[in-house]
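A quick note: this is a predicted structure, and the numbers were derived from the prediction, not measured. Within every chain, numbering begins at 1; the chains are lettered A, B, ... in the order of the sequence lines, protein sequences first and strands thereafter. The analysis underlying the following values was restricted to heavy atoms, covering all of them including side chains, and did not include hydrogens, waters or symmetry mates.
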2 protein chains.
Amino acid sequence: MTFSEENYLKTIFHLTAFSDQEVSTNAIAEMMATKASSVTDMLKKLAEKDLVHYKKYQGVSLTANGRLLAKMIVRKHRLWEVFLVEKLDFPWDEVHDIAEQLEHIKSEKLINKLDNFLGNPTEDPHGDPIPDAYGKIIKTEKLLLSELGFNQSGICVGVKDSSKEFLKYLDKNQIALGTQIEILTKEDFDFSLKIKVDEKEVTISNKIANNLFVKLV
Amino acid sequence: MTFSEENYLKTIFHLTAFSDQEVSTNAIAEMMATKASSVTDMLKKLAEKDLVHYKKYQGVSLTANGRLLAKMIVRKHRLWEVFLVEKLDFPWDEVHDIAEQLEHIKSEKLINKLDNFLGNPTEDPHGDPIPDAYGKIIKTEKLLLSELGFNQSGICVGVKDSSKEFLKYLDKNQIALGTQIEILTKEDFDFSLKIKVDEKEVTISNKIANNLFVKLV
DNA sequence: ATAATTTTTTAGCTTTGTCTAAAAAGCGTC
DNA sequence: GACGCTTTTTAGACAAAGCTAAAAAATTAT
């Protein structure tokens, strides 16, 4: 498999992760910042290799085979992210781009040894689950901070948006995985929240609350 | 820089490391298992980017620029090899192929953090020197086992040939970096040696002795 | 139901890195 | 210096993966 094929599989996997429907050519093109015509070409090639179900004009979905391969790429990506943060001390907003490269290294033995070296983590530094060597994914149930009510408290367990900008914002406000957050007040007008983090009161917008996963406590 | 360009630079670096002369198109083609015509095409491109000195039919050598880049690739390769052996417990004969992939990961910060994580090693698992972040290489003087005389002893500090086959042979005979070896007798007919390794006597061929680096002790 | 719009595919071109076959340059021998 | 052999380069082709522009299918609106 080429890097490009792997990137397409991964994109299709992410786009079908929640909806579980066929995904459109345009959606893939947009996510990969490429042109629909390029996507069509690749879909034909992936269909040829029995990695996707593809019928002209009908959208596309992964075959069992394709899904397993996609999960292995996600596994590699997330394990490398753990390595970068835990072992090399990278800040969590810098690991994605490097992991995008590392995820294409081909060696099953390498990734399994890395997994062991890291202590078989089940989540990456953004709280996303790491598939095991068989592709099994354990998802922990989590809710958005915006779903909590007054006086409820949650522990931050992940981010929905993992862009550099959002992660840096969280760093600046001393919110990290494991941080406890209590909802103090909710503004009816713009749904902004006043929350308590480490004994400090902070006001955050609805957009922030909508991208932060917490576990009720 | 593409992977292919990096591989050419690395090959030219290795071929010019000792002789310090221009290297021929054919020599590069042979080492890379490709065709001379492909090499010519690439040399033009590298010359264009001022990474090599190239004049038709005259052979090729690295520019200062090209040499530095080549050293950075070698640095990455060897640091990753240390990681694989020291941290992930890979046997020394399995790391080369994986390091060939890892050496192309682009992130200066990554490689410098990796260097620190590994304790700034100066040699890779085969005894080859690791260039520092500025490209500086400290070579320790070492001689071939075949250059030792009767009753002299050396500590194994590296291998000249680092093929899987040779490394496995050494493993089988319990010879590793750091192993002490004493020359017992030398056969005049085929230059085979009787040596003492760990209180055990072993007979090795001239070819083996010619590919094992030692430090006099 | 037909027209307009959007989405997707096709056709044809570009670049990168490879190849084969043929031409050109360099070298060794006399 | 000419002849033949080896090495190197050129010319032209191909596969991968992208692009643009145009055609075709699907969808939405009238």
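Taking a cutoff of 4.0 Å between a charged side-chain nitrogen and a carboxylate oxygen, A:R75 and A:E103 do not qualify as a salt bridge. Comment: B:K106 engages B:E6 in a salt bridge, judged by a side-chain N to carboxylate O separation of less than 4.0 angstrom. Ion pairing of B:K215 with B:E141 is absent here, as no side-chain N (NZ or NE/NH1/NH2) approaches a carboxylate O to less than 4.0 Å. Between B:E100 and B:K10 there is a salt bridge, since at least one side-chain N of the basic residue sits less than 4.0 Å from a carboxylate O of the acidic one.
Screening A:E94, A:K172, A:H126 for a side chain to side chain contact (heavy atoms under 4.5 Å, CB included) with A:L167, the sole residue that qualifies is A:H126.
Ring centers of B:H96 and B:H77: under 6.0 Å apart, within the cut-off. Residues A:F90 and A:F83 keep their aromatic ring centres 6.0 Å or farther apart.
Under a cutoff of 6.0 Å and an axis angle of 45°, A:K71 and A:F13 do not form a cation-pi pair.
Under 4.0 angstrom from either OP1 or OP2 of C:dT18 there lies no side-chain N or O belonging to B:T34. Of the side-chain N and O atoms in B:K35, one or more sit less than 4.0 angstrom from OP1 or OP2 of C:dT20.
Against DNA chain D, the stretch residues 1-12 of chain A makes heavy-atom approaches under 4.0 Å through A:T2, A:S4, A:Y8.
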Item checked: Heavy-atom protein contacts under 4.0 Å, nucleotides 4-10 of chain D, coded B base, S sugar-phosphate only, - none -> ---SBBB

